[in-house]
Every structure is written in structure tokens, then in C-alpha cells.
Asker: 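Got a structure for you, written out below as C-alpha cells; questions coming shortly.
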Amino acid sequence: MYFSRHLNGTALGSFVRPAVLITDAYNALNNHVYKRQQDQDFIDALVKVLTSGGSVLLPVDTAGRVLEILLILEQYWTQRHLVYPIYFLTNVSTSTVDYVKSFLEWMNDSISKSFEHTRDNAFLLKYVTLIINKDELERLGDAPKVVLASMASLEVGFSHDIFVEMANEAKNLVLFTEKGQFGTLARMLQVDPPPKAVKVTMSKRIPLVGDELKAYEEEQERIKKDEALKASLSKKEEMKASLGSNLKASDPMVTDASTSRKPSNAGSYLVGNVDILIDGFVPPSTSVAPMFPFFENTSEWDDFGEVINPDDYMMKPDEMDNISMLGAGDGMESKLDEGSARLLLDSKPSKVISNEMTVQVKCSLAYMDFEGRSDGRSVKSVIAHVAPLKLVLIHGSAEATEHLKMHCSKNSDLHVYAPQIEETIDVTSDLCAYKVQLSEKLMSNVLSKKLGEHEIAWVDAEVGKADEKLTLLPPSSTPASHKSVLVGDLKLADFKQFLANKGLQVEFAGGALRCGEYITLRKIGDSNQKGSTGSQQIVIEGPLCEDYYNIRELLYSHFYLL
């Protein structure tokens with residue numbers, strides 16, 4: 001017993017996903033073997049350098065493909081019982097991994113099933129140390145280690161500084177896991193093998209001292225005085241405007257504008273002949289009674305939104321003292337707190353000095369592809385299964401784009417576009433759409449249902465012509481019964497929360513929704529229809545028991561039945 005529903009959406013994700021599933025299934029065995037061999041070569045290259053006394057630097061991004069590399073290292077270090085330390089060094093390393101720990105249901109089946117059976121989170125890294133500064137690396141000195149540091153371009157970040165330190169030693173290795181962008185230091189190193197010399201710019205922040213510090217403090221003092229003066233003048237102008245508007249004869253509270261306000265020693269004002277004492281408050285010209293003064297605090301805006309004042313988010317000195325009194329604990333949490341506090345406390349006047357230096361690159365350089373991009377054969381296979389009417393090729397080299405364009409033109413009838421940068425193209429299509437008019441007799445028998453901002457209904461009619469217009473008329477004979485149509489959209493994550501609120505035990509397992517002990521819901525693509533627009537099915541699997549019918553009824557409640 002299966003319940004299925006076809007989605008005829010045109011979103012790009014639903015349009016491409018069935019074809020991607022076909023391609024993956026077609027190449028599953030070959031890709032698996034290639035991936036295992038690539039991982040093995042990757043680990044062998046690292047171990048060879050480590051056993052010879054060298055260190056390995058992997059310039060990586062802060063979050064993305066680096067997560068896969070971390071899992072590969074963790075797996076092989078566990079299997080081989082290696083003792084060489086691994087460090088993941090970025091400004092957000094700890095927060096990144098903590099965030100990923102809570103999204104295991106979005107990962108592959110092996111990680112999800114491992115957590116379901118053993119409750120072991122794959123990202124509870126035992127061999128990888130997460131750090132946010134270089135202090136711990138400096139304490140190790142030249143000891144063999146693996147460092148994954150940001151950024152992948154080697155232009156800035158921790159990887160830039162570590163590369164300068166490791167480049168002079170022939171025993172070290174810089175292993176690139178993605179191709180560097182054109183013009184970056186990483187691309188230069190990948191193009192020409194060592195030994196060679198490269199010029200790098202080293203920047204360092206140092207505190208201001210002597211005359212520079214004195215000049216900075218004087219400038220800050222002058223700025224504060226100017227701001228205070230501007231604020232004072234602005235306040236006086238507002239007060240003058242408020243007082244001036246209340247001296248008008250049109251004010252209903254004032255009987256004699258020339259004698260309505262009399263100063264008093266207490267700073268009070270007597271308004272006209274009305275015996276009301278106003279102490280510190282001025283009635284606006286449009287009011288009929290004394291009111292509290294109101295000054296609208298309008299925010300400043302620029303092209304990017306509201307202007308933020310950094311001083312509003314600075315920690316006060318007394319709050320700093322409270323943090324320091326907490327003391328340093330053990331483990332990663334205390335290290336993170338210490339590092340964050342040090343960054344917050346580092347508010348002394350400083351400057352950045354830069355100098356260009358020549359680095360002799362004697363270390364080994366290697367490149368292994370961990371970018372996860374599709375190769376030409378896979379892209380051609382995906383396009384063949386999707387069978388689109390029009391194809392737009394962007395973000396690629398001129399040679400690769402022209403090759404793929406020629407391949408598609410020879411093997412299919414689709415229209416291929418390869419626009420240049422800032423070129424505008426029109427990919428709209430003419431559709432066989434007709435405007436028809438529903439007769440009043442037909443509309444009186446239509447039962448419509450509300451669906452968001454629209455109304456939907458099933459109509460059995462015959463097409464006729466009246467006054468040169470197409471008209472839908474009631475059928476001349478009793479129409480045949482039609483299959484039920486379920487209209488709507490369902491997200492498994494939302495349905496999981498819905499079932500949980502109903503008191504049912506639900507969880508994601510291998511991309512499917514496990515309901516109770518026996519029932520499973522999953523979304524599958526309809527891969528039998530070549531060139532389909534991403535039709536999908538929702539399938540209920542399980543025995544015909546009470547839970548099955550209850551969950552099916554709850555599932556039906558999320559759709560409109562026509």
C-alpha cells in the first residue's frame with residue numbers, strides 16, 4: 001500500500017535533482033572506488049612527511065569542504081592509531097564545528113546511521129584540536145604536525161603566516177585541496193614547482209607609542225570635543241524651535257503672547273491666565289494642554305542600512321573585570337572564552353605595519369582535488385538526463401564553455417547560451433496558453449477551495465465558442481470519474497514537527513522520516529520519465545496497522561483533495 005503524489009513544480013532544485021540521482025546511481029561504483037583511492041593517497045602523502053620529521057600545511061576555507069577533510073583525517077588517525085597532532089586553525093573553528101554537530105540529519109547515510117545506532121557524533125573530533133590563535137602552534141615549535149589553516153588563497157589569514165614559517169624547510173609540505181584563484185599566491189605556487197622565490201607582504205599590528213600615541217590621543221580628544229559641541233548646538237536649536245513655536249498667538253493656552261511667559265527663580269513658567277504651573281515642560285503650539293517634550297531619535301541610514309555605532313557593542317571595563325574574575329577553566333570552552341576576552345580587551349591604540357619580503361620556497365608542494373566539482377563527463381550525463389529546452393552556461397573558462405556548447409549543439413536540439421560578463425540574455429519561451437471564459441451555468445456548479453491567496457477547483461467542461469471567444473460550457477453528458485488530486489506542498493521537516501506535536505515519536509533516518517516503530521515516509525524522484533520537470537512522490541512504507549492509517553490521515557490533512 002503506497003500513497004504517492006506528483007509535484008509538477010518548475011523550481012531549479014526539483015528540476016535538477018532527479019537527474020543528479022540518476023547520474024550518481026550510474027557512477028556509484030566507480031566514484032566510490034576512486035574516492036577511496038584518493039583518500040588513501042591523501043593520507044599516505046601526509047604520513048610520509050610526518051614520519052620524516054616534517055609538518056604539513058593545508059590552506060582551507062573556514063567552512064565547507066574542510067569538514068570532509070576533517071572527517072577523513074579523524075577516520076584514518078583512528079584506524080592507524082597515529083599520534084601526530086592535527087590542528088584546525090581559523091577564527092571560527094570552534095563555533096563552526098559546534099554548529100555542524102547539530103545537523104547530522106543533512107549528511108550522508110553513514111554518518112546518520114552511525115549516530116542512530118551508537119549515538120556517536122562524527123564531529124566529536126578526538127584527534128583534531130580546534131584553535132583560534134597560533135599560540136599553541138608556537139609552543140610545539142618544529143614538531144611534526146598537520147595544520148588546516150584559513151585562508152585557501154594564502155594571501156591573508158593564518159595560512160599566510162604559517163606558510164612563511166614552513167617554506168624554508170625542505171622536509172615540510174604545503175598540500176592544496178583546491179585550485180587557487182587567478183593572481184593569488186596559492187595559484188602562483190601551484191603553477192611553478194619549487195625551488196623558487198616568491199615575494200610576500202607581511203603585516204603586523206603594533207601598539208602606538210611615543211609621539212604617535214600622543215598625537216592619536218590629542219586627535220581623539222579633539223573629535224570628542226567637536227562631537228560634544230555639535231550635540232550642544234543641536235540641542236539649543238531644538239529648544240529654541242520649541243520655545244519659538246509656543247510663543248505664537250495661535251496657542252489656545254496663551255491669552256497674551258507678550259505677557260504669557262514670566263520667568264521664575266525656580267525655572268518655572270506661568271502660562272497665560274490659566275493657573276497651571278509648568279516646571280521644566282513646554283506646551284507645543286498644537287496642544288491644548290501641557291505635554292512632556294518629545295524628541296524623536298532618528299537613526300542614520302546609508303546604502304547598506306542603518307548605521308551601527310561600534311561603541312554600543314563594546315564591553316564596559318567593569319564587565320571586563322567580571323570576565324577576568326571567572327578564572328580560566330579546562331577544555332576547549334575555557335580556551336574559547338580566554339581567546340574571546342583577549343580579542344575584546346585588545347582595544348589599545350595600534351597601527352599596522354607592512355613590509356615586503358622574499359621567501360625561498362624549499363618545501364614540497366602538492367595538489368589533490370577535494371573541491372567536489374563535477375567533471376565534464378558527469379556534467380554531460382546530467383544534461384542528457386535533464387533534457388532541458390534551453391541551457392545557459394556560466395562561470396567557466398572560455399575553452400571549457402565552448403567545448404560543452406559544441407557538445408550540446410551536436411547531440412541535442414536545445415538552445416545553448418554562453419553569455420559574457422554583464423551580457424543580458426532573454427530565455428523566455430512561448431507557451432500554448434489560451435484565454436477562456438467560464439459560463440455562468442458552469443460556475444454555479446463549481447465547488448472551489450481556498451488555497452493561500454487563490455481558489456482551486458476541478459472543472460469538467462466542454463470547450464465552445466461564443467462571440468469569437470472560447471467558452472467553457474457544462475458537459476453534455478455525465479463525465480467519467482477522475483482520479484483524486486492532492487494539491488499542496490509538504491516539507492518533511494515541517495511534517496516531523498507536526499507529528500511530534502501530536503505526540504508521535506519521529507526522527508530522520510537516512511533521508512527518510514521514521515514515524516513510530518514501523519512507518520517510514522520518504523520523498524523520491526520519478527526517474528522513469530526522461531526530461532520530466534522534477535516530479536516527486538511521497539511514499540508511506542509500513543504494515544497496514546493503526547499507526548499507518550493515523551499517519552496517512554494526518555498526511556492527507558496537509559493537502560487539498562480535488
Side-chain angles (χ1 to χ4, degrees), residues 43 45-62 66 69-70 73-74 76-78 80-98 123-152 154 156-175 200 202-207 320 323-324 326-346 348 350 352-353 355 357 359-364:
I43 296 299
L46 298 184
V47 174
K48 181 179 179 180
V49 174
L50 295 172
T51 53
S52 62
S55 297
V56 182
L57 169 65
L58 284 80
V60 294
D61 53 359
T62 54
V66 65
I69 299 175
L70 290 175
L73 293 173
E74 182 76 13
Y76 279 90
W77 253 244
T78 303
R80 299 190 180 187
H81 304 288
L82 301 176
V83 295
Y84 302 105
I86 305 173
Y87 294 96
F88 180 34
L89 173 58
T90 71
N91 288 320
V92 292
S93 59
T94 52
S95 57
T96 298
V97 175
D98 287 341
F123 285 93
L124 289 175
L125 306 174
K126 300 177 182 178
Y127 292 92
V128 179
T129 304
L130 310 178
I131 55 178
I132 59 174
N133 55 67
K134 290 175 55 182
D135 294 346
E136 191 160 351
L137 293 181
E138 293 173 354
R139 287 196 293 268
L140 283 177
D142 295 334
K145 56 187 173 295
V146 178
V147 182
L148 295 86
S150 60
M151 300 288 297
L154 284 182
V156 293
F158 294 115
S159 62
H160 175 80
D161 299 338
I162 297 175
F163 166 74
V164 174
E165 298 172 0
M166 296 176 53
N168 291 325
E169 294 290 340
K171 62 181 179 180
N172 296 330
L173 170 66
V174 178
L175 179 58
V200 297
M202 297 298 296
S203 300
K204 184 179 181 181
R205 182 177 293 276
I206 61 174
M320 295 287 191
I323 290 179
S324 61
L326 293 176
D330 297 330
M332 180 52 61
E333 296 297 332
S334 62
K335 292 181 182 179
L336 179 60
D337 293 340
E338 290 174 8
S340 302
R342 182 164 53 254
L343 292 175
L344 292 171
L345 287 168
D346 188 14
K348 297 179 181 179
S350 59
V352 176
I353 57 173
N355 64 299
M357 59 181 298
V359 176
Q360 299 294 331
V361 182
K362 300 178 181 178
C363 65
S364 302

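Hydrogens, waters and symmetry mates play no part in the numbers below; they use all other heavy atoms, side chains included.
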Asker: Would you name the heavy atoms of Q360 and N168 that are closest together and state the gap between them?
Answerer: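 So the two residues come closest at O-OD1, 3.0 Å.
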
Asker: Is it the case that the side chain of S159 and the backbone of L58 share a donor-acceptor pair, with hydrogens and angles ignored and the cut-off at 3.5 Å?
Answerer: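 No; judged by distance alone, with no hydrogens or angles, the pair does not exist.
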
Asker: Do the side chains of T90 and L130 get nearer than 4.5 Å, heavy atoms only?
Answerer: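 Not touching, per the 4.5 Å side-chain cut-off.
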
Asker: Donor-acceptor check, side chain of K171 to backbone of E169, threshold 3.5 angstrom: yes or no?
Answerer: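 No: the side chain of K171 does not pair with the backbone of E169.
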
Asker: Of all heavy-atom pairs between L173 and M166, which one has the smallest distance, and what is that distance?
Answerer: O-CE, 4.1 Å

Asker: What I'd like to find out is whether the side chain of V66 reaches to under 4.5 Å of the side chain of T96, using heavy atoms alone.
Answerer: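 Of all side-chain heavy-atom pairs linking T96 with V66, none is under 4.5 Å.
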
Asker: Let me confirm one number: the OG1-CZ distance from T62 to F88, rounded to the nearest 0.5 Å.
Answerer: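 The OG1 atom of T62 sits 7.0 Å away from the CZ atom of F88.
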
Asker: Does N172 reach the main-chain N or O of S55 with its side chain, forming a donor-acceptor pair under 3.5 Å?
Answerer: yes

Asker: Does D142, at its CG atom, have more than 12 non-hydrogen atoms belonging to other residues, nucleotides or ligands within less than 6.0 Å?
Answerer: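 Incorrect, the count does not exceed 12.
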
Asker: Measure the spacing between OG of S93 and OH of Y87 and express it to the nearest 0.5 Å.
Answerer: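 Those atoms lie 12.5 Å apart.
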
Asker: Quick one: CG on L148 to CD1 on I131, what's the gap to the nearest 0.5 Å?
Answerer: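 Answer rounded to 0.5 Å: 10.5 Å.
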
Asker: So which atom in S364 and which in A170 form the shortest heavy-atom distance, rounded to 0.1 Å?
Answerer: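 Reported closest heavy-atom pair: OG-O, 4.0 Å.
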
Asker: L82 versus Y76: any side-chain heavy-atom pair under 4.5 Å?
Answerer: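 They are not in side-chain contact.
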
Asker: Roughly how far apart are I86 CD1 and W77 CH2, rounded to 0.5 Å?
Answerer: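 It is 4.5 Å, given to the nearest 0.5 Å.
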
Asker: To the nearest 0.5 angstrom, please state how far the OH atom of Y84 sits from the CG atom of L46.
Answerer: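 Between Y84 OH and L46 CG, I get 11.5 Å after rounding to 0.5 Å.
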
Asker: Judged by atom type as modelled, is there a donor-acceptor pair below 3.5 Å linking the side chain of T78 to the main-chain atoms of E74?
Answerer: yes

Asker: Kindly compute the distance separating CD1 (I69) from CG (D61), expressed to the nearest 0.5 Å.
Answerer: 7.5 Å

Asker: What is the minimum heavy-atom distance between P59 and L154, and which atoms define it?
Answerer: CG-CD2, 3.8 Å

Asker: Under the criterion salt bridge (charged side-chain N to carboxylate O under 4.0 Å, His left out), I'd like the reasoning laid out for E165 against K134: C-alpha separation, chi angles, the key distance, then a yes or no.
Answerer: CA-CA 12 Å; E165 298 172 0; K134 290 175 55 182; 2.8 Å; yes

